[in-house]
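Worth knowing before you read on, the calculation uses all heavy atoms, side chains too, and leaves out hydrogens, waters and symmetry mates.
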Amino acid sequence: MAEKKKQIYDVIVVGSGASGGWACKRLAEAGLKVALLEAGRPQSDKNFTEHQPAFELKYRNKAPEIIRKTRPIQVKFAVCNEYTYNWFVNDLEEPYTTPADKPFNWMGRLRMTGGRTNVWGRVSLRFCDWDFKSASRDGYGEDWPLSYKDIEPYYDLVEKYIGITGSPEGLEHLPDGQFQPPVPLTCQETLFRNRVKEKLGRTVMPARTANLTKPINGRGPCHFCGPCERGCMTHSYFNSAFTTVADALATGNCTLISNAMAHNVLMDAERNRARGVLYVDRITRQPREISARVVILCAQSQESVRILLNSATPQYSDGLANSSGVLGHYLTAHVRSGGGSGEFPALGAKPSLGAPVKPLGIYIARFRNLRNDPPYKKFLRGFGYEGESSTEFSWAAPGFGEAYKKALREPRTRISITGFGEVLPRWDNFIELDPNVKDVYGIPVLKIHMSDGENERAMIQDMGDSAGEMLEAAGAKNIRTYAHPSAPRWALHEAGIARMGSDPKKSVLNQFQQTHDIKNLFVMDASGFTSNPCQNPTLTIMSLAVRSCDYLMSEMKRNSL
Ligand SMILES: Cc1cc2nc3c(=O)[nH]c(=O)nc-3n(C[C@H](O)[C@H](O)[C@H](O)COP(=O)(O)OP(=O)(O)OC[C@H]3O[C@@H](n4cnc5c(N)ncnc54)[C@H](O)[C@@H]3O)c2cc1C
Ligand code: SF4
């Protein structure tokens with residue numbers, strides 16, 4: 001059914017998260033008329049609960065089984081809890097399937113303006129040429145169709161706007177950025193950093209995260225209350241709902257259409273052009289059409305590719321823009337099931353229930369398969385670690401009465417680190433439509449096929465072993481390490497299923513995330529990643545989206561879109 005009052009837009013953007021927010025801001029600020037289709041509800045400061053104590057909640061945030069009734073997958077990651085659960089997809093209404101022997105936890109499926117940036121961990125790291133050209137170096141997979149110098153100015157632009165705290169470290173394989181002052185390390189983090197450098201030559205740094213230490217654009221610096229995943233009234237972390245999307249709406253050129261679940265891209269088959277999007281209004285369950293000159297999908301990797309698969313036409317019978325046949329294949333998502341923890345009892349820090357809570361910890365830069373090293377024998381590519389430290393009461397101390405009270409106050413000063421490793425793009429990790437299952441809106445759902453290979457297994461083992469080695473070098477006590485297969489697979493950093501490339505026979509998108517097959521159709525989320533380096537992806541997603549929007553506008557000016 002066509003919209004009653006038809007408005008003509010220049011561009012439709014599907015999804016208001018990290019990529020969609022930037023696309024809307026860039027295009028609307030340049031004067032284009034943008035329709036932003038967002039499956040979720042509008043976000044508002046009124047929903048933010050970062051200062052609300054758990055005792056005010058009905059179940060004291062202690063009853064995940066209640067949430068499990070509607071969100072059995074989402075609740076597996078702690079950011080979906082009694083405070084935030086209704087920001088997340090209802091897994092029963094919007095399911096997906098997997099083969100029985102390849103379980104996959106597709107978590108972090110948000111249904112709010114801002115998408116995953118509402119609850120993300122905010123770690124923001126640059127890729128480098130070592131990542132973009134890794135195939136030329138080790139012979140596995142494909143190089144990206146762009147280089148570091150192509151994206152560098154966009155990293156600068158995005159970092160200055162979103163605000164990233166960090167320290168320059170001068171590493172070739174983890175380029176420095178436009179940092180706000182870093183949040184100081186704790187005692188145990190400082191000790192760990194110094195000893196790991198001294199004994200193993202590895203770099204431990206304050207985590208580079210999108211939390212402000214200085215005000216920007218009316219957003220206040222972080223006041224260290226802790227739970228950013230519940231929102232932030234001072235807008236001190238980056239969430240596209242109150243930054244990029246708000247800026248786009250403020251121009252008057254962007255219209256946010258909430259509760260709009262995109263079903264498929266509408267095609268003008270004769271002209272081989274996208275002409276709009278068919279979406280389902282989630283409240284009324286009615287189908288609606290919207291038209292524009294250009295369509296940009298920014299719905300998160302699997303969701304965008306699902307839309308393309310659901311947009312098959314007689315000409316593109318295996319999915320829209322899929323003349324290469326690679327759409328849906330080469331799914332990657334970081335492995336992160338190796339790491340360790342240790343205690344530093346000698347430091348004498350005092351635990352407190354009212355102390356400031358740092359919303360970020362440390363990052364350990366990759367140290368395998370670097371430029372001047374011989375190739376590491378056990379696996380290709382590499383991994384970094386995210387880490388955090390804490391000084392806690394000894395809640396589990398034995399005894400009663402005075403003895404317990406005394407033992408309780410013995411501080412537990414810890415560091416824990418978790419590896420984040422690159423997963424090689426493999427053809428047999430893929431998504432397709434499940435022919436037998438639809439969501440409540442009548443839209444066919446995905447079947448996800450994902451498992452680890454030999455390379456990932458060897459890397460996970462090394463994450464555990466190297467964690468132990470570094471904690472030992474730092475003098476930690478009670479060291480515990482782990483390295484177990486990452487089954488069921490999950491990660492929150494999925495990428496690669498509509499990959500970019502120079503060769504249209506082997507890729508879906510060109511270097512500007514424009515489909516090779518249909519000029520006025522773009523996909524600007526991580527599905528375009530040619531590989532998925534171990535650094536967290538979102539800074540690169542946002543920088544690429546801005547770069548691609550600049551290209552899109554230059555093509556529009558030339559009248560070639
Ligand atoms: C708990 C958690 C921690 C994370 N930590 C980090 C981190 O530390 N560093 C990092 O780099 N990344 C992190 N990530 C990943 C990061 O959040 C994502 O990479 C990023 O948000 C992806 O951006 P996007 O634009 O592709 O999708 P999203 O930000 O997820 O936005 C997609 C939007 O599209 C909407 N949508 C989906 N389908 C449709 C449809 N059919 N029609 C209309 N709208 C639709 C969704 O409702 C959503 O709002 C984390 C993610 C989670 C969940
Ligand atoms: S820790 Fe900082 S960024 Fe996070 S919610 Fe609190 S004030 Fe906001």
- Query: Do side-chain atoms of Gln74 reach the backbone of Gly108 as a donor and acceptor pair under 3.5 angstrom?
  - Reply: yes
- Message: Tell me if the NZ atom of Lys199 is crowded by more than 12 foreign heavy atoms within 6.0 Å.
- Response: yes
- Item | Salt bridge Glu152-Lys149, side-chain N to carboxylate O under 4.0 Å | no
- Query: Should we say atom CZ of Arg480 is surrounded by more than 12 heavy atoms from elsewhere, each under 6.0 Å from it?
  - Reply: no
- Message: Any heavy-atom pair between the side chains of Ile362 and Ile417 that's under 4.5 Å?
- Response: yes
- Task: Considering only NZ, NE, NH1 and NH2 on the basic side and carboxylate oxygens on the acidic side, decide whether Asp131 and Arg366 come within less than 4.0 Å.
- Result: yes
- Message: Can a donor-acceptor pair be found, under 3.5 Å and without considering hydrogens, that links the side chain of Tyr385 to the backbone of Ser416?
- Response: no
- Message: Any heavy-atom pair between the side chains of Met524 and Leu544 that's under 4.5 Å?
- Response: no
- Note on the structure: On a heavy-atom basis, the closest approach of Tyr155 and Thr540 is OH-OG1, 2.7 Å
- Taken to the nearest 0.5 Å, the spacing of Arg109 CZ from Glu303 CD works out to 5.0 Å
- Query: For the side chain of Trp120 and the backbone of Phe238, is there at least one donor-acceptor N/O pair under 3.5 Å apart?
  - Reply: yes
- Item | Polar side-chain atom of Ser304 near backbone of Val523 as donor-acceptor pair, under 3.5 Å | no
- Message: Any heavy-atom pair between the side chains of Val119 and Phe88 that's under 4.5 Å?
- Response: yes
- Message: Run the salt bridge (Lys or Arg N to Asp or Glu O under 4.0 Å) test on Asp462 and Lys378 for me, step by step, so that the C-alpha distance in whole Å, both residues' side-chain angles and the decisive distance to 0.1 Å come before the verdict.
- Response: CA-CA 9 Å; Asp462 192 29; Lys378 293 182 181 166; 5.7 Å; no
- Item | Aromatic Tyr83 / basic Arg230 pairing, under 6.0 angstrom, 45° off normal | yes
- Query: Which pair of non-hydrogen atoms, one from Gly453 and one from Arg426, has the smallest distance, and what is that distance?
  - Reply: N-NH1, 3.1 Å
- Please assess Asn81 against Thr84 for the test side-chain hydrogen bond (donor to acceptor under 3.5 Å, both in side chains), listing each intermediate value before the final yes or no. CA-CA 5 Å; Asn81 52 42; Thr84 57; 3.2 Å; yes
- Message: Using modelled atom types and a 3.5 Å cut-off, is there a donor and acceptor pairing between side-chain atoms of Thr165 and backbone atoms of Pro181?
- Response: yes
- Task: Find out whether Val183 and Phe224 are in side-chain contact, i.e. whether some heavy atom of one side chain is under 4.5 Å from a heavy atom of the other.
- Result: yes
- Task: Go through the steps for Trp106 and Leu446 under the test side chain to side chain contact (heavy atoms under 4.5 Å, CB included), then give the verdict.
- Result: CA-CA 11 Å; Trp106 184 7; Leu446 289 180; 4.0 Å; yes
- With distance as the sole test, does Ser352 use its side chain to make a donor-acceptor pair with the main-chain N or O of Ala355 at under 3.5 Å? yes
- Looking only at side chains, do Asp247 and Tyr161 share a donor and an acceptor under 3.5 Å apart? yes
- Message: Between Thr418 (side chain only) and Gly339 (backbone N and O only), is there a donor and an acceptor less than 3.5 Å apart?
- Response: no
- Message: For the backbone of Ser16 and the side chain of Glu38, can you confirm whether one donor and one acceptor N or O come within less than 3.5 Å of each other?
- Response: yes
- Side chains of Thr391 and Lys350, donor plus acceptor under 3.5 Å: no
- Message: As a quick check of understanding, evaluate salt bridge (Lys or Arg N to Asp or Glu O under 4.0 Å) for Arg116 and Asp525, giving each step before the final call.
- Response: CA-CA 12 Å; Arg116 286 180 169 186; Asp525 51 36; over 6 Å; no
- Tell me, with the steps shown, if Phe132 and Ile151 meet side chain to side chain contact (heavy atoms under 4.5 Å, CB included). CA-CA 11 Å; Phe132 294 130; Ile151 192 175; 4.0 Å; yes
- Query: In this structure, are over 12 heavy atoms from other groups packed under 6.0 Å from Tyr85 atom OH?
  - Reply: no
- Find out whether Glu456 and Leu424 are in side-chain contact, i.e. whether some heavy atom of one side chain is under 4.5 Å from a heavy atom of the other. yes
- Below 4.5 Å, heavy atoms only, C-beta onward: do Asn369 and Asp138 meet side chain to side chain? no
- Query: Going through the checks in order, is the side chain to side chain contact (heavy atoms under 4.5 Å, CB included) test met by Arg368 and Met459?
  - Reply: CA-CA 10 Å; Arg368 297 288 184 224; Met459 193 181 276; over 6 Å; no
- Message: Suppose we screen for salt bridge (charged side-chain N to carboxylate O under 4.0 Å, His left out). Which residues come up paired with Asp452, at least two apart in sequence or across chains?
- Response: Arg489
- Item | Greater than 12 external heavy atoms within 6.0 Å of Lys405's NZ | no
- Applying the ring pair (Phe, Tyr, Trp, His ring centres under 6.0 Å) test to His449, which of Phe104, Tyr96, Trp427, Phe430 qualifies? Phe430
- Message: Under the rule for side chain to side chain donor-acceptor pair (under 3.5 Å), what residues qualify as partners of Thr530, not counting sequence neighbours?
- Response: none
- I would like to know whether Gln511 and Arg547 meet side-chain hydrogen bond (donor to acceptor under 3.5 Å, both in side chains); could you show each step before the answer? CA-CA 10 Å; Gln511 61 159 306; Arg547 178 174 184 264; 2.5 Å; yes
- Are Ser451 and Asn429 close enough that some pair of their side-chain heavy atoms sits under 4.5 Å apart? yes
- Query: Between Glu189 and Ser389, is a side-chain hydrogen bond (donor to acceptor under 3.5 Å, both in side chains) present by the stated rule, with each step listed?
  - Reply: CA-CA 7 Å; Glu189 288 168 349; Ser389 66; 2.9 Å; yes
- Task: Could you label the plane-to-plane angle of the His235 and Phe242 rings as parallel, tilted or perpendicular, counting under 30° as parallel and over 60° as perpendicular?
- Result: parallel
- Query: Is a side-chain donor-acceptor pair under 3.5 Å present for Asn239 with Gln43?
  - Reply: no
- salt bridge (Lys or Arg N to Asp or Glu O under 4.0 Å) between Arg195 and Glu198, intermediate numbers included: CA-CA 5 Å; Arg195 291 199 178 153; Glu198 187 188 312; 6.0 Å; no
- Please answer whether the main-chain N or O of Leu191 pairs with a side-chain N or O of Asn194 as donor and acceptor at a distance below 3.5 Å. no
- Message: Could you tell me if Arg499 sits above the aromatic ring of Tyr330, with its cationic atom closer than 6.0 Å to the ring centre and no more than 45 degrees from the axis?
- Response: yes
- Show your working on side-chain hydrogen bond (donor to acceptor under 3.5 Å, both in side chains) between Asp156 and Gln178 and close with a plain yes or no. CA-CA 6 Å; Asp156 287 345; Gln178 304 290 331; 3.2 Å; yes
- Between Leu492 and Glu494 the two heavy atoms that sit nearest each other are C-OE1, 3.3 Å
- Message: Just to verify, which of Arg126, Arg193, Arg208 counts as forming a salt bridge (charged side-chain N to carboxylate O under 4.0 Å, His left out) with Glu169?
- Response: Arg193
- Message: Please evaluate residues Ser134 and Arg381 with respect to the criterion side chain to side chain contact (heavy atoms under 4.5 Å, CB included), reporting the C-alpha separation (whole Å), side-chain torsions for both, the decisive distance (0.1 Å), and the verdict.
- Response: CA-CA 8 Å; Ser134 50; Arg381 315 289 163 94; 3.2 Å; yes
- Is a donor on one side and an acceptor on the other found under 3.5 Å between the side chain of Lys133 and the backbone of Trp144? yes
- Message: Other residues, nucleotides and ligands only: do more than 12 of their heavy atoms fall within 6.0 Å of CD on Glu469?
- Response: yes
- Query: Are any non-hydrogen side-chain atoms of His51 and Cys225 less than 4.5 angstrom apart?
  - Reply: yes
- Task: First locate atom CD1 of Ile216, then atom OG1 of Thr213, and finally report the distance between them rounded to the nearest 0.5 Å.
- Result: 8.5 Å
